[in-house]
Protein chains: 2
Amino acid sequence: MRLLVARCEVRYSGRLSAVLPEAKRLLIFKGDGSVLVHADSGGYKPLNWMTPPTAVDFEGDPLERIVVRKRAGTGEDHLEIVIAEVANDVTVELDYESGLEKDGMERHLQEELAARPEALGERLRLVRREWPTDIGPVDLMCRDEVDGWVAVEIKRVGTIEAVEQLTRYLERLRADSATAECRGILAAERIRPQAVTLATPRSIRCVELDLARLRGEREPDLTLFPA
Amino acid sequence: MRLLVARCEVRYSGRLSAVLPEAKRLLIFKGDGSVLVHADSGGYKPLNWMTPPTAVDFEGDPLERIVVRKRAGTGEDHLEIVIAEVANDVTVELDYESGLEKDGMERHLQEELAARPEALGERLRLVRREWPTDIGPVDLMCRDEVDGWVAVEIKRVGTIEAVEQLTRYLERLRADSATAECRGILAAERIRPQAVTLATPRSIRCVELDLARLRGEREPDLTLFPA
DNA sequence: ACTTAGATTTCGCCG
DNA sequence: CGGCGAAGTCTAAGT
């Protein structure tokens, strides 16, 4: 990885066009071909960047110009960095990163609810996860006590969008004679008041869940009475 | 901005939990409070990060541990970096960045279509761009041959979301007696099949456009017969 | 402070 | 490889 701190002008041309006037910035050239142009602000996002695969040309000695080209499927992306002055130039060898384990929220909620759909507050039997419709899969498809169909949409945060999504699924499911009688449940860790407002007149039930408690109920806390 | 290259272990706890085992990485501490942990691969995305506002504590001399805390609205986010060995430690002063001029695709499409709404495939007259409704502006409002209202939503990529957005606009427009008879057109460079599936039964017409060709038709290629 | 819409979104899964 | 949904989405703008 090469780290450059330099006064530079940057021109990007690709899906859009952008020009950064000359200023002192941090340039990162990763081993995989990534190029990042960072300022001291703007948070997590670079001002400009190129994702692999790229071809990077460092021109001039001392460094005068850097050209990054991408042979993307469609049009050619192009990043040009004109160096005015180099304040810092370091090349370092970083370690290889093995995969990092993350703990996705929505996926876990879906796993837990698939295992125990009755956690939704009524006697439900799971028919299948990712029930296919022609506009996308329903997270959980269940049957209730009287064999009525129940489509469950799971989110970390239940927004208006989630209600709209579930509504679309119900629209499609009801158009199918096999699942014509189908109601909907929106399950999430947190549900925004406006989502409830929208869901209620559509007869969509909203259920707030606590993933930790959900897990706890299935695997009771063993530390309560340690040996 | 402080740049650290160090062997370190990173623990994130917040919306999810993640642990990065000890390895040599690049740590960036921006002036705005952002913290980025980058590896030599993985492209534009940091392995871990914190977005502003944060409180950063550098502990120990020599540096032993860095704690980044975020007082977000809801739960507390927490990033802990345990330093094993520092390979590089630089603090640099970068320039302030004035706004960067970007040349968005959607805006250009809107400009072109505003100039020639008939490019949508029927005789349309533009009434106004950014037609206001109480839930946001409609990109283009037009009249067709028989003076019927036509609301046009413009996107680079036409997704289900775009259909939903246009549907909401139409809902509002039809609730207004002045525009009660209003139909919708979704215009985009690319329109996803599922978006068409959703749009069709709602009588929303989908039009795919090529910005380059659109421009070419208005400004014929001058290089054809150079002087 | 909260909500909404856009993004060169990026990323990953599944067909 | 394309399509689609999720993301610790992030970020900027409007209310």
Side-chain angles (χ1 to χ4, degrees), chain A residues 12-18 34-37 41-52 68 70 72-79 99-100 102-110 130 132-139 153-157 159-162 164-165 168-169 189 192-195, chain B residues 12-18 32 34-37 42-52 70 72-79 99-100 102-107 132 134-137 139 153-162 164-165 168-169 190-198:
Chain A
Y12 167 70
S13 161
R15 271 169 289 189
L16 57 74
S17 297
S34 318
V35 178
L36 314 182
V37 180
S41 58
Y44 132 122
K45 214 172 187 178
L47 291 170
N48 280 112
W49 70 94
M50 290 277 265
T51 50
V68 187
K70 178 159 191 166
T74 53
E76 223 221 11
D77 282 27
H78 194 272
L79 188 68
L100 117 100
K102 282 187 184 175
D103 210 9
M105 191 56 99
E106 180 181 334
R107 221 198 48 188
H108 281 306
L109 261 181
Q110 191 184 113
E130 307 287 341
T133 79
D134 53 5
I135 54 166
V138 177
D139 286 336
E153 178 61 34
I154 301 169
K155 286 275 181 285
R156 190 168 63 81
V157 180
T159 61
I160 280 183
E161 266 325 294
E164 294 286 18
Q165 188 179 347
R168 288 196 297 271
Y169 290 143
E189 280 220 319
R192 297 209 197 280
Q194 297 200 346
Chain B
Y12 166 71
S13 160
R15 273 167 289 191
L16 58 74
S17 296
D32 64 355
S34 319
V35 179
L36 313 182
V37 180
Y44 123 126
K45 211 172 186 179
L47 291 169
N48 278 111
W49 70 94
M50 289 282 264
T51 51
K70 178 162 191 164
T74 52
E76 224 220 10
D77 282 29
H78 194 272
L79 187 69
L100 120 98
K102 284 186 182 176
D103 213 4
M105 184 61 98
E106 180 181 333
R107 224 197 46 188
D134 53 4
I135 55 167
D139 287 336
E153 177 63 32
I154 300 169
K155 286 275 182 284
R156 190 168 65 81
V157 181
T159 62
I160 279 180
E161 269 323 296
E164 293 290 15
Q165 190 180 343
R168 287 196 294 269
Y169 288 143
R190 237 157 42 87
I191 301 187
R192 298 211 193 279
Q194 295 203 345
V196 179
T197 303
L198 188 66

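All values reported here derive from a predicted model rather than from experimental measurement. Throughout, a chain's letter reflects where its sequence line sits, starting with A, and its residues are numbered from 1.
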Calculate the interatomic distance between [X] atom [atom1] and [N] atom [atom2]; express it in whole Å.
{"X": "A:L47", "N": "D:dC10", "atom1": "CG", "atom2": "P", "answer": "18 Å"}
{"X": "A:E130", "N": "D:dG5", "atom1": "CD", "atom2": "P", "answer": "11 Å"}
{"X": "A:E161", "N": "D:dG5", "atom1": "CD", "atom2": "P", "answer": "11 Å"}
{"X": "B:L36", "N": "D:dC10", "atom1": "CG", "atom2": "C1'", "answer": "12 Å"}
{"X": "A:E106", "N": "D:dG5", "atom1": "CD", "atom2": "P", "answer": "12 Å"}
{"X": "A:I154", "N": "D:dA7", "atom1": "CD1", "atom2": "P", "answer": "12 Å"}
{"X": "A:H108", "N": "D:dG8", "atom1": "NE2", "atom2": "C1'", "answer": "13 Å"}
{"X": "A:K155", "N": "D:dG8", "atom1": "NZ", "atom2": "P", "answer": "14 Å"}

- Item | Side-chain donor/acceptor of B:S17 to backbone N/O of B:S13, under 3.5 Å | no
Look for any protein N or O under 3.5 Å of an N or O in nucleotides 10-15 of chain C and output each such pair with its distance, or none.
none

- Message: Categorize A:M50 for me: base, sugar-phosphate, or nothing, with a 4.0 angstrom heavy-atom threshold over every strand shown.
- Response: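 A:M50: no heavy atom of the nucleic acid under 4.0 Å.
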- Note on the structure: Testing C:dT8, C:dT9, D:dG8 for proximity to the side chain of B:D77, the answer is D:dG8
- Which listed nucleotide (D:dG8, C:dA5, D:dA6) is nearest to the side chain of A:Q165?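 From the listed options, D:dA6 comes nearest.
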Output a table of nitrogen or oxygen pairs between the protein and nucleotides 2-4 of chain D separated by less than 3.5 Å.
from  : atom 1 : to     : atom 2 : distance (Å)
D:dG3 : OP2    : B:R190 : NH1    : 2.7
D:dC4 : OP1    : B:Q194 : N      : 2.8

- Task: Rounded to whole angstrom, note down the P distance from D:dT11 over to C:dC11.
- Result: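 My reading of the P atoms in D:dT11 and C:dC11 gives 15 Å.
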- Item | Distance between C1' atoms of D:dA6 and D:dC10 (Å, rounded) |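 Pairwise C1' distance, D:dA6 against D:dC10, rounds to 14 Å.
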- Given A:E161 and B:R168, is the salt bridge (Lys or Arg N to Asp or Glu O under 4.0 Å) satisfied, shown in steps? CA-CA 12 Å; A:E161 266 325 294; B:R168 287 196 294 269; 3.6 Å; yes
- Task: Provide the Watson-Crick or G-U wobble partner of D:dG8, both distances under 3.5 Å; none if there is no partner.
- Result: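 In the structure as shown, D:dG8 has no Watson-Crick or wobble partner.
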